[in-house]
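These notes concern the structure reproduced below.
Not measured: the values here are computed from a predicted model.
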Amino acid sequence: MLKLYGFAVSNYFNMVKHVLLHKGVEFEEVLTFPGMDPAYNAKSPMGKVPCIETEHGFLAETSVILNYIEAAYPARPLLAGDDWQRAKMAELMKIAELYFELPARRLFPEVLAGKPVSAEIKAEVRETITKGCQALAQLVKPAPYVFGEVMTMADVVLRYSLLTCKLATQAIYQWDVRGEVPGLREWDDMMASAEISQQLDKAMQDGMAAFLEAVKAKA
């Protein structure tokens, strides 16, 4: 059986878990935190989560894992369409990562551990996310999903990237970035109402207190 290594507060872990649940793939969760533990590095070379264990061996890096799952478990496809449509989905997923998820993480020392982030970093992050919102508004008009009537991998990746972004921008700027993209708030609410999303969100909430304690201990 496929094994999924990670922890419930990780949005990258939840991207993979959401896809596995959507596709009905049987898997076992192995509670794992990121780090440079030699034993885990034998599975995930950079010590990152998530990581999956397959009959062939171990695989790390979320985007790579998602592509593998789509190819290995073609039921209920999440990258349907022609080459061009799949490329546009990949474009959106990259924007979600580079201009929402990753810049928001620069605010985490203050948001999660109470360690002040400089005004310069805050300004840079806001500028980057603003550009991301402009790009997203240009690329998608949810109807009801970002690429039409059927949920795709792009919806999953954007949802969990946006969770990180919302957490940081609301805490630092009191800014709901969803208002910057027409239809994004409605799309986000729809995605959150799905049974799988609610299951993963509850697990995230249940694990958040212990996670924050661990973060503050390292700060």
Task: Asp155 side chain to Thr152 backbone, donor-acceptor under 3.5 Å - done: yes

Open item on the list: Tell me whether Gln174 at atom CD has more than 12 heavy atoms from other residues, nucleotides or ligands lying less than 6.0 Å away.
Closed with: yes

Open item on the list: Return the CZ to CE distance between Arg159 and Met151, rounded to the nearest 0.5 Å.
Closed with: 10.5 Å

- [ ] Identify whether the distance between the nearest side-chain nitrogen and carboxylate oxygen of Asp189 and Arg185 falls below 4.0 Å.
- [x] no

- [ ] Give the cluster check for Met204 versus Leu31: same hydrophobic cluster or not, with ILVMFWY residues linked at side-chain heavy-atom distances below 4.5 Å.
- [x] yes

- [ ] State, yes or no, whether a side-chain contact exists between Phe27 and Lys17 at a heavy-atom distance under 4.5 Å.
- [x] yes

- [ ] State, to 0.1 Å, how close Lys88 and Phe147 come at their nearest heavy-atom pair, and which atoms those are.
- [x] O-CZ, 3.6 Å

- [ ] Given side-chain contact (heavy atoms from CB on, under 4.5 Å), test Met89 with Met153 step by step and report yes or no.
- [x] CA-CA 7 Å; Met89 292 175 196; Met153 195 80 75; 5.8 Å; no

- [ ] Find out whether Ile172 and Val117 are in side-chain contact, i.e. whether some heavy atom of one side chain is under 4.5 Å from a heavy atom of the other.
- [x] no

TODO: Give the minimum heavy-atom separation between Pro50 and Val16, together with the two atoms involved.
DONE: CG-CG2, 3.8 Å

Task: For Phe7 against Phe13, the heavy-atom pair lying closest together - done: O-CD2, 3.2 Å

TODO: Specify the closest pair of heavy atoms between Cys133 and Val181, including all atoms of both residues, with the distance to one decimal.
DONE: O-CG2, 3.5 Å

Task: Sidechain-backbone polar pair: Ser197 side chain, Met191 backbone, donor-acceptor under 3.5 Å - done: yes

Task: Residue pairs fulfilling salt bridge (Lys or Arg N to Asp or Glu O under 4.0 Å) with at least one residue in residues 33-45, sequence neighbours excluded - done: none

Open item on the list: Quick one, Pro103 and Glu124 - any side-chain contact, counting heavy atoms below 4.5 Å?
Closed with: no

TODO: State, to 0.1 Å, how close Leu158 and Ala96 come at their nearest heavy-atom pair, and which atoms those are.
DONE: CD1-CB, 3.9 Å

Task: Any donor-acceptor pair under 3.5 Å from Glu110 side chain to Leu107 backbone - done: no

Open item on the list: Is there a side-chain contact between Trp187 and Arg178 in this structure, where contact means two heavy atoms from C-beta onward sitting under 4.5 Å apart?
Closed with: no

Task: Distance (rounded to the nearest 0.5 Å) between Glu53 CD and Leu4 CG - done: 11.0 Å

- [ ] Look at the side chain of Lys23 and the backbone N and O of Tyr73, then say whether any donor-acceptor pair between them is shorter than 3.5 Å.
- [x] yes

- [ ] Flag the pair Glu26 / Leu2 as yes when at least one side-chain heavy-atom distance between them is below 4.5 Å, and no otherwise.
- [x] no

Task: Any Tyr40 side-chain heavy atom under 4.5 Å of Pro34 side chain - done: no

Task: Derivation and outcome, salt bridge (Lys or Arg N to Asp or Glu O under 4.0 Å), residues Glu97 and Lys94 - done: CA-CA 5 Å; Glu97 178 184 17; Lys94 182 57 67 174; 3.3 Å; yes

TODO: Evaluate side-chain contact (heavy atoms from CB on, under 4.5 Å) for Tyr99 paired with Leu136, printing each intermediate quantity in order.
DONE: CA-CA 10 Å; Tyr99 300 101; Leu136 194 61; over 6 Å; no

- [ ] Look up atom OG1 in Thr54 and atom OH in Tyr68, then write down how far apart they are to the nearest 0.5 Å.
- [x] 4.0 Å

Task: Main-chain N/O of Val9 paired with Asn14 side-chain donor or acceptor, under 3.5 Å - done: no

Task: Side chain Glu70, main chain Leu79, donor-acceptor under 3.5 Å - done: yes

TODO: Flag yes if Leu66 and Val150 sit in one hydrophobic cluster, no otherwise; membership is Ile, Leu, Val, Met, Phe, Trp, Tyr, and two members link when side-chain heavy atoms are under 4.5 Å apart.
DONE: no

Please list, one pair per line, the donor and acceptor atoms closer than 3.5 Å that link side chains of residues 163-171 to other protein atoms, with sequence neighbours excluded.
from	atom 1	to	atom 2	distance (Å)
Thr164	OG1	Asn11	ND2	2.9
Lys166	NZ	Asp188	OD2	2.6
Thr169	OG1	Cys165	O	2.9
Thr169	OG1	Trp175	O	3.2

Open item on the list: Once salt bridge (Lys or Arg N to Asp or Glu O under 4.0 Å) is applied, do any residues pair with Glu186, and if so which ones, sequence neighbours excluded?
Closed with: none

- [ ] Identify the residue among Ile69, Val25, Ile196 that makes a side chain to side chain contact (heavy atoms under 4.5 Å, CB included) with Val19.
- [x] Ile69

Open item on the list: Can you tell me how the ring of Tyr160 sits relative to the ring of His18, calling it parallel under 30°, perpendicular over 60° and tilted otherwise?
Closed with: perpendicular

TODO: Check the pair Met93 / Ser161 against side-chain contact (heavy atoms from CB on, under 4.5 Å), numbers first and verdict last.
DONE: CA-CA 9 Å; Met93 289 187 281; Ser161 296; over 6 Å; no

Open item on the list: Which heavy atom of Cys51 sits nearest to which heavy atom of Ile65, and what is that distance?
Closed with: CA-CD1, 4.0 Å

